[in-house]
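Start at 1 with the first residue, then count along the sequence. These values consider heavy atoms only, across backbone and side chains, with no hydrogens, waters or symmetry-generated copies.
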Amino acid sequence: MKKKVYPDAAAALEGVLSDGMLIAAGGFGLCGIPENLIAAIRDSGVKDLTVASNNAGVDDFGLGVLLQSKQVRKMISSYVGENAEFMRQYLSGELELEFNPQGTLAERMRAGGAGIPGFYTKTGVGTVIADGKEHKEFDGETYILERGIVADLSIVKAWKGDAQGNLMYRKTARNFNPNAATCGRICIAEVEEIVPVGSLDPDSIHTPGIFVHRIIQGEFEKRIEQRTIRAA
């Protein structure tokens with residue numbers, strides 16, 4: 001079996017990145033984001049990227065750092081809030097944006113990973129989301145065709161992983177990560193802890209190692225996007 005464990009994010013990305021590639025990124029807000037891999041992508045200088053992700057982090061963290069450095073040409077996302085630079089670049093025409101309903105984006109990633117080129121959904125019918133898409137009627141209801149996403153690279157963050165690439169996510173940090181992991185031709189995962197092979201309960205593995213090509217153990221800042229506390 002080819003060695004999957006790499007010493008750091010830069011080493012794991014070596015030979016993988018190229019200008020103009022499509023990257024699928026796990027995470028939701030700042031929860032479960034592959035922050036080490038994102039930072040290494042920024043440092044690599046790769047440009048003209050298309051990134052499929054629920055959102056783009058915040059201005060100075062997560063995918064927001066790739067927007068700051070102008071390395072992203074297009075975002076495929078469902079939410080642009082919390083990131084003023086994302087909004088500014090979109091409104092000024094500097095950044096192309098393909099809006100997706102949140103569930104549609106998750107299913108586009110899942111479908112791509114399952115080898116399904118497209119699927120029909122009612123979500124978005126009668127809105128701008130449906131513009132230019134094939135419409136079809138099933139049982140008297142109108143649906144639109146959405147294409148599955150197959151990315152050149154997927155980057156995900158998990159709680160635990162082993163040397164075979166089997167991954168466990170923790171609670172809501174699972175979010176988009178399992179779907180993003182499967183839809184990349186190459187998947188690189190960063191985890192909080194690499195554990196011995198055989199120590200993960202097979203019934204608790206969320207992403208089987210067959211989908212994961214490279215894995216690193218990272219250090220994480222774990223920022224809170226919106227800190228809300230009660231008054232003293």
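Between the side chains of S78 and N54, at least one donor N or O lies within less than 3.5 Å of an accepting N or O. If you check the side chains of D59 and Q68, you find no donor sitting under 3.5 Å from an acceptor.
Shown here is L145, whose CG atom has more than 12 heavy atoms of other residues, nucleotides or ligands within 6.0 Å. Atom CD of E221 is surrounded by more than 12 heavy atoms from other residues, nucleotides or ligands within 6.0 Å. Atom CZ of R147 has 12 or fewer neighbouring heavy atoms from other residues, nucleotides or ligands inside a 6.0 Å radius. For OH of Y90, the number of neighbouring non-hydrogen atoms (other residues, nucleotides, ligands) closer than 6.0 Å is 12 at most.
In this structure, L167 and G161 approach most closely via the heavy-atom pair CD2-CA, 4.1 Å. Across all their heavy atoms, G26 and A180 have their closest contact at N-CB, 3.9 Å. Of all heavy-atom pairs spanning V80 and F86, the tightest one is CG1-CZ, 3.5 Å. Contact detail for G218 and N36: the closest heavy-atom pair is CA-ND2, 3.8 Å. Contact between I33 and F28 at its shortest, heavy atoms only, is CG2-N, 4.4 Å. Scanning both residues, M21 and V16, for their nearest heavy atoms gives CE-O, 3.6 Å.
In this structure, the side chain of N179 does not engage the main chain of M109 through any donor-acceptor pair within 3.5 Å. Put simply, the side chain of Q71 gets close to the backbone of V46: a donor and an acceptor are under 3.5 Å apart. In terms of modelled atom types and a separation under 3.5 Å, the side chain of S199 and the main chain of V195 share no donor-acceptor contact. One N or O on the side chain of N175 and one on the backbone of G27 form a donor-acceptor pair closer than 3.5 Å. Within the 3.5 Å criterion, the main-chain N or O of K47 finds a donor-acceptor partner in the side chain of D19. H213 places a side-chain N or O within donor-acceptor distance of the main-chain N or O of C187, the cut-off being under 3.5 Å. Distance alone, capped at 3.5 Å, is enough to place a donor-acceptor pair between the K4 side chain and the V212 backbone. At least one donor-acceptor pair under 3.5 Å links the side chain of K3 to the backbone N or O of V5. N166 places a side-chain N or O within 3.5 Å of a backbone atom of G209 that can act as its donor or acceptor partner. Of the possible donor and acceptor atoms, one in the side chain of N177 sits under 3.5 Å from a partner among the backbone N and O of G32.
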Check against side-chain hydrogen bond (donor to acceptor under 3.5 Å, both in side chains), Y120 and E134
CA-CA 9 Å; Y120 289 97; E134 179 188 333; 2.6 Å; yes
Check against side-chain contact (heavy atoms from CB on, under 4.5 Å), K160 and V191
CA-CA 6 Å; K160 294 181 180 181; V191 299; 5.9 Å; no
Test log, rule salt bridge (charged side-chain N to carboxylate O under 4.0 Å, His left out), inputs K133 and E146:
CA-CA 8 Å; K133 295 177 181 175; E146 295 283 0; 2.8 Å; yes
Test log, rule side-chain contact (heavy atoms from CB on, under 4.5 Å), inputs I215 and Y6:
CA-CA 6 Å; I215 186 172; Y6 284 71; over 6 Å; no
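Once rounded to the nearest 0.5 Å, the distance linking CD of E85 with CG of L95 reads 9.0 Å. The OG atom of S44 sits 4.5 Å away from the CG atom of L17 when rounded to the nearest 0.5 Å. In this structure, CD on Q217 lies 5.0 Å from CD1 on I194, to the nearest 0.5 angstrom. Once rounded to the nearest 0.5 Å, the distance linking OH of Y143 with NZ of K122 reads 5.0 Å. With rounding to the nearest 0.5 angstrom, the CG atom of L63 is 9.0 Å from the CG atom of N83. Atom-to-atom distance recorded for Q102:CD and F176:CZ is 5.0 Å, nearest 0.5 angstrom.
The shortest side-chain heavy-atom distance between K171 and W159 does not fall under the 4.5 Å cut-off. With contacts defined as side-chain heavy-atom distances shorter than 4.5 Å, the pair L49/I41 qualifies. Between T121 and E107, the closest side-chain pair of non-hydrogen atoms is not below 4.5 Å. Side-chain contact between L200 and M168 is present, with heavy atoms from C-beta onward closer than 4.5 Å. Counting only heavy atoms from C-beta outward, the side chains of E98 and K74 approach each other to under 4.5 Å. I216 places none of its side-chain heavy atoms less than 4.5 Å from the side chain of D8. Side-chain contact check for I149 versus L22: some heavy-atom pair is nearer than 4.5 Å. Side-chain contact between C31 and T172 is present, with at least one heavy-atom pair separated by less than 4.5 Å.
Of the charged side-chain nitrogens involved, none lies within less than 4.0 Å of a carboxylate oxygen, so that K222 and E35 do not count as a salt-bridged pair. Comment: E192 does not engage R170 in a salt bridge, judged by the lack of any side-chain N to carboxylate O separation of less than 4.0 angstrom. Using a cut-off of 4.0 Å between Lys/Arg side-chain N and Asp/Glu carboxylate O, R214 and E14 are scored as not salt-bridged. At a threshold of 4.0 Å, the pair R73-D48 does not count as salt-bridged, since none of the basic side-chain nitrogens sits closer than that to a carboxylate oxygen.
Taken together through direct or relayed side-chain contacts under 4.5 Å among Ile, Leu, Val, Met, Phe, Trp and Tyr, I155 and V65 form part of one hydrophobic cluster. Both I186 and V51 belong to a common hydrophobic cluster when Ile, Leu, Val, Met, Phe, Trp and Tyr are linked at side-chain heavy-atom distances under 4.5 angstrom. In terms of hydrophobic clustering, with Ile, Leu, Val, Met, Phe, Trp and Tyr side chains grouped at heavy-atom distances under 4.5 Å, I188 and L66 are assigned to a common cluster. No continuous path of ILVMFWY side-chain contacts below 4.5 Å connects L67 to Y79, so the two sit in separate hydrophobic clusters. Cluster annotation: F119 is not connected to I76 through the hydrophobic network of ILVMFWY side chains, with a link wherever side-chain heavy atoms come within less than 4.5 Å.
Between Y169 and H206, the ring planes lie parallel to each other; the angle is under 30°, not in the 30° to 60° tilted range.
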